[in-house]
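Hydrogens, waters and symmetry mates are skipped; everything else that's a heavy atom, side chains included, is used.
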Amino acid sequence: MLGLALVCAAQAVATPQRPPNLLFMMADQMRFDRMGCSSGHYPKPLVTPSLDRLAAHGVRFAKHYTSTPTCTPARAAILTGQSPWNHGMLGYGAVAKEYPFEMPRALREQGYFTATIGKDHFGWDSATNLPPLDPKFDAGNKGSGVPHGYTRLSLYDGPGEKDEDYAQWFGRLMPGVDPEKGWPYGSNGWEGGPFMFNESLHPTAWVGQQAVDFLLDPTIAGANRTSPWFLKVSFHRPHSPYDPPQQWLDKVAITDLPDPVYSTDGWDHVFRGGPGDPPGCGPADSQAWCGAMPAAARDLGRRAYQANIMFVDSWVGKILDALTTTGDIDRTFIIWTADHGDGQEDHFHYRKGFPYELSAHIPLLLSWPSDPAYLPDTLRGSPVVPRGAVLDQVVTELRDVFPTFLDAIGASNTVPPNHTIDGSSLLCLLGDPSGKTCNWRQWLDLEHSTVYNNSVHWNALTDGEMKYVFNACDNCGGVLPVEQLFNLTADPGETVDLGQTRSEVTAVWRERMVQQFQREGRGPEWVSPNGTLLLRPPILYGPNYPGNTPQPPGPDHTCNGQKLSAGQPLILEPPQHAQPIQYCQCFSLQPLSSATSVAGPSPRAEPTQPSGDGVRGVLRMEAAWGLCIGVGPGGSELVLADCGTEAAAVWTLSVNNTAPSHVKPQPVTKAGSGQCMTIPSTLGGPVELSPCNGTGAAQGLVFGTGGRLCTPAGCVSVRPVPQPRRSFV
């Protein structure tokens, strides 16, 4: 049996006799428990023979997480090997154009041919043309993805990306046909159904076939290859649209799948949705992120999600077959993972972004070469865990991928001295699954700033046995408790929130988070001088984001890439739930100052003021925390106004948007005036004040937990003025 002594930062670098190949495969939005090898606790194990084959050829890490569980920040962790605070993406934003030290560039500098196929989410550059990866698929394509050190790229980031390689390839094969007609289920939808075109045109087949072609290329394959290679194969599915080819959908019955998991103490009931629920939640919204959905549509979507995984699995099998054919299976390190999970109606959730297992817990498989010439010295000698083992004593994270590949090729010493790698090499755990001799982390930090709903604004810690969640939203008013605690050992489905009943355990984890924030130097917006966690406004990019000088909350923020400032008019626009981080329509009912802590309101905070006819406060813009809804100089038009001035109106809402009954339309009244917010009859028209007349179509607004003020005609929005986009370099 091949062996491992230790792989620790303090040791001398161990270089393989011959450089191994590196194959990094991942899926988008794939849960940890949707492989056959990880679903044994279900009544009927799921069918993924190829991923099970890879697990049997290597090891499975049972406690693997993504710290920031949406697409782009997860990929920043993979690129940099860093924690969210250190790579700077605290939520769903834009991956920087370049990082000081990043995986594909570092591997290329070590002599590797670097290529990526599928979803990168790094952005597209129409003015750059790199040579095609596979002329059969890419010849004649215009533009290229942002490379980050990849020598060849062939990209598909998902529906709506009409300039990318897949769309150009599809257009040549199907001229005049819109590929998006193949998936009418929505790019973030919860519904599903069969792919509308031939299976060979599916994005999964497009990614898989290029990977097979690459691995069988005689200049790439075999021991006599020109150079070692690093290949990233990134499947977009099972991310919605849930659109498997019909033959794969037919293979999945709803009885094959586990039932959705719901709480037994009711902590998740706020996510159920229902008739009249605000945009973004409930079955009326095809892009909903939560809701108790109609059984037939829900079940079809869940079947289609799993069928997409099975279709991806079939291409993983063909990739492994190609490696076996050339013998490169014996010369290659292989990692399989995902960027985040998918709710699948667990706790009434769809999509991702939350700290719960459905979203943050993802698969991780690692396989290593069987030819010892392609192993570092530290993998030859003392015993390693047997192939097929399950490692469940420590928590791993996406930041561990980069240092693992550096370790595999003997390049751990190439990390610049002024660069922090927060991840650790997984190879050390092959010799010591406890992680003790590896100085492995005892627990893992997770976080996410607001995306598509105010309640997606949290920090968390987990050791794989307990999970502590700090819900940092200071304007959610009880949608979720500020602190949650789950016993993952006794309650892996997180059905009981222990945050209020196990106060002594909660206090231990709270102190760990305080110490983390202080160690990272996050400052007084995160933790008070006396060590109290603070609720806070959303912060998308931290101070370590390349090229970023963070702006304090205030009027100089942007929406849809355009400047927001006092005096801009409010208008009626369609709901923007498909553009999750824009906040052009997101408001919060707030006092004029707010800095609520875990222990309760701080001396400089005031609770939202109740009154006999409703709840009072200012309506603050989520994209610009210094701007509130006010009244223009004419006395009737509504505009953005500085929150600290008299121009910012105080509003009375008859129903608190955080209560279960928030689904009812209500008048939004300017306090003490007898006048109400009035919606125009046409999109693009101005939102104005006029005498209150009840809850008619023009004055009956739904104010939901997502922060939107909407009628059936549309939602209150702001009309920004143009400004140049900031360059992320």
Side-chain angles (χ1 to χ4, degrees), residues 65-70 73 83-85 89-92 263 267-268 270-271 347 349 352-361 395 397 441-451 453-488 494 496-540 542 588 594-602 605 658 705:
Y65 287 85
T66 172
S67 279
T68 312
T70 52
S83 68
W85 185 253
M89 290 192 69
L90 308 184
Y92 181 74
S263 71
W267 72 260
D268 57 6
V270 69
F271 299 119
H347 302 297
H349 276 263
K352 59 272 187 179
F354 280 86
Y356 311 122
E357 295 290 279
L358 58 92
S359 177
H361 193 171
V395 282
E397 204 268 335
R441 66 181 70 91
Q442 293 180 279
W443 53 81
L444 177 71
D445 58 300
L446 306 93
E447 67 183 289
H448 207 292
S449 189
T450 307
V451 59
N453 183 266
N454 292 347
S455 59
V456 193
H457 183 35
W458 51 267
N459 291 80
L461 298 174
T462 185
D463 59 2
E465 297 180 359
M466 300 293 294
K467 183 187 294 178
Y468 168 75
V469 180
F470 175 69
N471 290 302
C473 175
D474 75 342
N475 62 335
C476 290
V479 172
L480 286 169
V482 172
E483 293 180 297
Q484 293 180 286
L485 183 72
F486 299 100
N487 185 334
L488 300 179
E494 298 169 316
V496 178
D497 179 3
L498 303 173
Q500 310 307 310
T501 60
R502 295 289 303 277
S503 57
E504 73 288 354
V505 180
T506 301
V508 170
W509 284 96
R510 181 192 308 133
E511 179 59 24
R512 289 172 176 172
M513 184 170 288
V514 168
Q515 292 176 4
Q516 175 202 331
F517 288 175
Q518 292 173 334
R519 186 170 59 252
E520 293 171 327
R522 295 204 179 201
E525 287 193 357
W526 297 78
V527 59
S528 71
N530 66 357
T532 301
L533 295 175
L534 297 177
L535 307 184
R536 61 184 185 274
I539 301 174
L540 179 56
S588 56
S594 176
T596 309
S597 74
V598 172
S602 76
T658 63
T705 57

- prompt: Counting N and O atoms only, with roles assigned by atom type, does the side chain of D497 sit under 3.5 Å from a partner on the main chain of Q484, one being a donor and the other an acceptor?
  reply: no
query: Once you round to the nearest 0.5 Å, how far does OH of Y468 lie from CG of D463?
result: 14.5 Å
message: What's the separation between atom OG1 in T506 and atom CD in E511, rounded to the nearest 0.5 Å?
response: 13.5 Å
task: Look up atom OG1 in T68 and atom CE in M89, then write down how far apart they are to the nearest 0.5 Å.
output: 8.5 Å
statement: Across all chains, not counting sequence neighbours, the side chain to side chain contact (heavy atoms under 4.5 Å, CB included) partners of S528 are N530, T532, L534
- line: Smallest heavy-atom separation, V496 atom then F486 atom, equals O-CD2, 3.3 Å
query: Backbone N or O of E357 within a donor-acceptor pair of the E494 side chain at under 3.5 Å?
result: yes
Validation row: D445, P84 side chains within 4.5 angstrom (heavy atoms): yes
Closest heavy-atom pair and its distance - A360, P355: CB-O, 3.9 Å
field: Counterpart residues, ring pair (Phe, Tyr, Trp, His ring centres under 6.0 Å), relative to F271 (two or more places apart)
entry: W289, H349, F354
query: If we only count heavy atoms from C-beta on, is the L533 to F517 side-chain gap below 4.5 Å?
result: yes
query: Does a side-chain heavy-atom distance below 4.5 Å link L461 with Q516?
result: yes
- line: Closest non-hydrogen contact found for P538 with T450 is CG-OG1, 3.3 Å
message: Tell me if a side-chain donor or acceptor on N471 pairs with a main-chain N or O of P481 at a distance below 3.5 Å.
response: yes
field: Atom of P73, atom of H448 and distance for their closest heavy-atom approach
entry: CG-NE2, 4.5 Å
query: So, do Y92 and V456 sit near enough that their side-chain heavy atoms are less than 4.5 Å apart?
result: no
H347: partners by ring pair (Phe, Tyr, Trp, His ring centres under 6.0 Å), with sequence neighbours left out: W267
- request: Report the distance from atom CD of E525 to atom CZ of R536, rounding to the nearest 0.5 Å.
  value: 9.0 Å
message: Quick check against the 3.5 Å criterion: does T70 have a side-chain atom that pairs as donor or acceptor with the backbone of G353?
response: no
- request: Any chance you could measure H361, atom NE2, to T66, atom OG1, to the nearest 0.5 Å?
  value: 11.5 Å
field: Audit row: E447, R522, salt bridge (charged side-chain N to carboxylate O under 4.0 Å, His left out) steps and yes/no
entry: CA-CA 13 Å; E447 67 183 289; R522 295 204 179 201; 2.6 Å; yes
query: Is there a side-chain contact between L498 and V505 (heavy atoms, below 4.5 Å)?
result: no
query: About how many Å separate CE of M466 and CZ of R502, when rounded to the nearest 0.5 Å?
result: 6.0 Å
task: State, to 0.1 Å, how close F470 and L535 come at their nearest heavy-atom pair, and which atoms those are.
output: CZ-CD2, 3.6 Å
- request: Using a 4.5 Å cut-off on heavy atoms from C-beta on, say whether the side chain of W458 contacts that of L480.
  value: no
